[in-house]
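Just below is one structure, and these are the notes that go with it.
A note on names: the letters A, B, ... follow the listed sequences, proteins ahead of strands, and every chain is numbered from 1.
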Amino acid sequence: MVTNSEIAKMLSQTADLLEIKGENPFKIRAYRNAARTIENSSKDFNKLVKEGFDLTKLPGIGNDLSTYIKEIVTTGKFSKLEKLKKEIPQGLVDMLAIEGLGPKRIKQIYDAFHITSLEDLKKYAENGELDKLPSFGPTLIQKILKGVKQLKKAGIRFLWADVEEIAEDIKEYLLKFPGVEIVKIAGSYRRRKETVGDLDILVVAEDYPKVSEYFIKYKRVKEVHSAGLTRSTVFLDNDLQIDLRAVSKESYGAALHYFTGSKAHNIEIRKMAIEMGMKVNEYGVYKENKRIAGKSEDEVYKAVGLCYIEPELRENRGEIEACLNNSLPDLINLGDIKGDLNINASLVDKAVKKGYKYVGIRDGEIKRDDIKIYKIIETEINKNFNISDINKKYDFLVGIVNEEIETEIILKAMEKVKFLRFFRDIKAKKELNLDFETIFSQMAKKNIILEIPSTPNALISEVLIKSAIQKGVKLSIVSAAKTDKELDFIKYGINQVRRGWAEAKDVINARNNPF
DNA sequence: GCCGTTTTCGGCCCGACTGTTTTCAGTCG
């Protein structure tokens, strides 16, 4: 059985190969868009195809791609991709990971020398062969040689929580510089994505070049990649890339919107603007070459006939339509949380200090008057799951699904458990491929709560959270804390459920009484 | 390859930076 992400991967691989081949860039984008649609879908494409669902109803999927997806699902293979792989050596695809080398230059190199590996590329760069190609100067050759050594770590991403501290530190550092008015971190960091690839920082300052000079002297900068009049890029000692951009005060809103993304959201906004005879860029919104908005994000959205959309929702997953139908969610906030239903018993005092009204503890038995205590027990849902094995006393049972098991077993476990939690390891890119559509429908029916662990590496995908909420499943955001510090993890859970469109009413521990 | 309240053809987001030339293409975000 092929998973959604496997289908998506095949399509984006095809896009890479078509790119090197020099195909129409818009066709390539179509493949990438379709891959994105599939990756972002909570629906199992295997199931959709089997049920005869019309895939062309989905955004970015037309007749051709629908046929291709059906082929992938039914045969497990994509003949078009297989053919391209035979035609284009893998070495050329590897070259895409070299800074400064894109499809055009790779094709140019291949056509001239038939090089098919990074090793050969290095040789040709070193012995002066590459210089012979038009527009390959000494600087570019050096860049390529450097790039071969340190390939762009494909999609190297940091957990949001792991960059939080450094992001705030750089912000503070920049604000100390005289003449710096505003420092704002945009990009996926601002959208609170579970992982971020780099940090995009905007500054409003009197004299940008001076700020840039100061910026590249930040203590953890390992390498200065570029430093221009409006933009500078550096790498830190942990390989995190930081982009700093100068922004004028009048354009602040437009720039913030632009650099917050996501790209897919921006493209939609621009399309809307075009339809209305306007143009949106990072400097503002223009009508007949006249600037009509740009000072604030609110202004930008208003200019194109929309309401303000929270950064966490800007993924082109229906937020624009929701705004137009007046159905945008009123997102939950950290301050809405009234308790934490999965912590160590030793942390109850701290929980009281945080102002929590109740907690769920995994161990020990405590009686207290100042806070309501629920006793919970965690149990793994696997083939051998058997409720009668549990002979301790408890208020609620938390079922944990750690592996891909038959949907039937999970449905059966629902007779016994009150909460369900699903395994995920973001760094290791491991997540369960289960029939969540069916599981969530049943959970909603039986009033089983979806436990959202706030551990940064175990956050369940926001796509699944959104789908669960739509089906009527309630959430419990838990820190699963073992230490004092981990009690505050709950903010990461909040970030994630906000990305999953959660309102306070969807979250049981945002209530004074959770049950 | 997708898409359409002017369109089934002709568009498809847009600008900065770099390195190469000398007006621009390629790459990147």
Practice task
Compute whether any side-chain donor of one residue and acceptor of the other, for Asn325(A) and Glu321(A), lie under 3.5 angstrom apart.
Solution key: no
Exercise for the section: Go through dC13(B), dG29(B), dC2(B) for me and flag the one nearest to the Ile267(A) side chain. Expected result: dC13(B)
Completion exercise
Sorted by position of nearest nucleotide on DNA chain B, 5' first, the leading residue of Arg29(A) and Lys80(A) is Lys80(A)
Problem - Contact residues, residues 250-264 of chain A to DNA chain B [heavy atom, < 4.0 Å] - result: Tyr258(A), Lys263(A)
Handout entry: Nearest-Å distance once atom P is located in both dT5(B) and dG1(B)
Key = 23 Å
Fill in the blank from the handout: Regarding the side chain of Arg105(A), the nearest nucleotide among dG1(B), dT20(B), dT27(B) is dT27(B)
Completion exercise
When rounded to whole Å, the CZ to C1' distance for the pair Arg245(A) and dC28(B) reads 10 Å
Handout entry: Among dC17(B), dT20(B), dC13(B), the nucleotide that comes nearest once only the side chain of Thr230(A) is considered
Key = dC17(B)
Fill in the blank from the handout: Taking a pair to mean Watson-Crick or G-U wobble geometry with both distances below 3.5 Å, dC28(B) pairs with dG15(B)
Problem - Span that lies between the P atom of dG29(B) and that of dT23(B), in whole angstrom - result: 29 Å
Completion exercise
When rounded to whole Å, the CZ to P distance for the pair Arg231(A) and dC14(B) reads 18 Å
Fill in the blank from the handout: On a heavy-atom basis, the closest approach of Asn4(A) and Ile38(A) is O-CG2, 3.4 Å
Practice task
Report the distance from atom CD of Glu19(A) to atom C1' of dT27(B), rounded to the nearest whole Å.
Solution key: 10 Å
Handout entry: Same-atom distance (P) from dC13(B) to dC3(B), integer angstrom
Key = 13 Å
Handout entry: salt_bridge(Glu99(A), Lys146(A)) N-O dist < 4.0 Å
Key = no
Fill in the blank from the handout: Closest to the side chain of Asp64(A), out of dC14(B), dC17(B), dG1(B), is dG1(B)
Exercise for the section: Examine dG1(B): is either OP1 or OP2 under 4.0 Å from a nitrogen or oxygen in the side chain of Tyr68(A)? Give yes or no. Expected result: yes
Problem - Thr139(A) side-chain N/O to dT18(B) phosphate OP1/OP2 under 4.0 Å - result: no
Handout entry: Spacing of His265(A) atom NE2 relative to dC13(B) atom C1', expressed in whole Å
Key = 13 Å
Practice task
Rounded to the nearest 0.5 Å, what's the gap from NZ on Lys123(A) to CG on Leu130(A)? Could you check?
Solution key: 13.0 Å
Practice task
Would you classify Pro134(A) as touching base, sugar-phosphate or nothing, given that sugar-phosphate means primed atoms plus P, OP1 and OP2, and contacts are heavy atoms under 4.0 Å?
Solution key: nothing
Handout entry: P-based separation of dT27(B) from dT20(B) [nearest Å]
Key = 13 Å
Practice task
Establish, with yes or no, whether the OP1 or OP2 oxygen of dG15(B) is under 4.0 angstrom from a side-chain nitrogen or oxygen of Lys279(A).
Solution key: yes
Practice task
Nearest 0.5 Å please: distance from the CD1 atom of Ile426(A) over to the CD atom of Glu194(A).
Solution key: 4.0 Å
Problem - Residue closer to the 5' end of DNA chain B, Met278(A) versus Pro138(A) (nearest nucleotide) - result: Met278(A)
Practice task
Measure the distance from CD on Gln108(A) to C1' on dG26(B) and round it to the nearest whole Å.
Solution key: 10 Å
Handout entry: P gap between dT6(B) and dC2(B), integer Å
Key = 23 Å
Exercise for the section: Please check if any side-chain donor atom of Asp435(A) sits under 3.5 Å from a side-chain acceptor atom of Thr438(A), or the reverse. Expected result: yes
Problem - Residue Gln241(A), side-chain atoms from C-beta onward, closest of dT20(B), dG29(B), dA16(B) - result: dG29(B)
Please write out the pairs of protein N or O atoms and N or O atoms of nucleotides 3-8 of chain B separated by less than 3.5 Å, giving the distance to one decimal.
unit_1 : atom_1 : unit_2   : atom_2 : d
dC3(B) : OP1    : Gly60(A) : N      : 2.9

Exercise for the section: Give a yes-or-no answer on whether the side chains of Thr233(A) and Asp243(A) include a donor-acceptor pair shorter than 3.5 Å. Expected result: yes
Practice task
Give a yes or no on whether Lys287(A) atom NZ has more than 12 heavy-atom contacts from other residues, nucleotides or ligands under 6.0 Å away.
Solution key: no
Handout entry: Side-chain N,O (Tyr283(A)) to OP1/OP2 (dA16(B)) below 4.0 Å
Key = yes
Exercise for the section: Examine dG15(B): is either OP1 or OP2 under 4.0 Å from a nitrogen or oxygen in the side chain of Asn281(A)? Give yes or no. Expected result: yes
Practice task
Establish, yes or no, whether the cationic atom of Arg314(A) lies under 6.0 Å from the six-membered ring centre of Tyr308(A) and within 45° of the ring axis.
Solution key: yes
Exercise for the section: Determine, using ring centers only, whether Phe436(A) and Phe422(A) are less than 6.0 Å apart. Expected result: yes
Handout entry: Distance-only donor-acceptor check, side chains Tyr492(A) and Glu164(A), under 3.5 Å
Key = yes
Practice task
Could you give the distance separating dA16(B) and dG11(B) at their P atoms, to the nearest angstrom?
Solution key: 25 Å
